[in-house]
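Worksheet: one structure, shown below.
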Amino acid sequence: MSFDDIVAQDIKENPILIYMKGFPESPMCGFSALAVKVLKLYDVPISARDILGDLNLKECVKAHTNWPTFPQIFIKGEFVGGSDIILDMHQASELIVRRFYYQVYLSTILILNLKGQLKDLLGDIAQKHEQKESS
């Protein structure tokens, strides 16, 4: 698999991806640390690749985005930019809107699941009640 293929696969498979110096748990530069800090405010899973360990990967990512600096952040397959842009988006509340829709989506799934469980539970009770009245 080529580095171009790796980058394309990373972007496709990870809703939030950071090519950064270090890892989210241990950033190796202030800009990478800032990007992780802002994204963690939204309590979303962050996927990352450390570009310090592989110069070929680093150069491939730069060529893919035509962006010279790191970190490089992708959200839902779209290149967003670096830490300064993600901070500006946060401060302008654009990310808050995206988080709201993500939470609505998760809440809808939870509600539908709970309704299904409640229906099953109430269905059992209704059947038992009908059986008692019949006897």
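Residue indices begin at 1 and follow the sequence shown.
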Residues Gln72, His64; criterion side-chain contact (heavy atoms from CB on, under 4.5 Å); working and verdict: CA-CA 11 Å; Gln72 294 193 15; His64 182 84; over 6 Å; no
Expected output: side-chain Ser32 to main-chain Lys21 donor-acceptor under 3.5 Å: yes
Where Gly22 and Met28 come nearest, the two heavy atoms and their spacing: CA-CG, 3.5 Å
Heavy-atom check, side chain of Ile85 versus side chain of Ile73, under 4.5 Å: no
Minimal non-hydrogen separation, Leu39 against Val44, with atom names: O-CG2, 3.8 Å
Aromatic ring pairing Trp67/Phe79, orientation class (parallel under 30°, perpendicular over 60°, tilted between): perpendicular
Non-neighbouring partners of Asn14 that pass side chain to side chain donor-acceptor pair (under 3.5 Å), sequence neighbours left out: Ser47
Min side-chain heavy-atom separation Phe31-Met20 under 4.5 Å: no
Full working for side-chain contact (heavy atoms from CB on, under 4.5 Å) between Glu78 and Ile75: CA-CA 5 Å; Glu78 179 184 336; Ile75 298 177; 5.8 Å; no
Heavy-atom check, side chain of Val61 versus side chain of Arg49, under 4.5 Å: no
side-chain contact (heavy atoms from CB on, under 4.5 Å) between Val7 and Leu57, intermediate numbers included: CA-CA 8 Å; Val7 171; Leu57 177 64; 3.9 Å; yes
Close side-chain approach of Asp10 to Tyr19, heavy-atom, < 4.5 Å: yes
Heavy-atom closest contact (Pro71 atom, Ala35 atom, distance): CG-CB, 3.9 Å
Sub-4.5 Å side-chain heavy-atom contact between Asn56 and Glu59: no
Shortest non-hydrogen contact from Leu87 toward Leu34: CD2-CD2, 4.1 Å
Least distance between heavy atoms, Lys40 atom then Pro24 atom: NZ-O, 4.0 Å
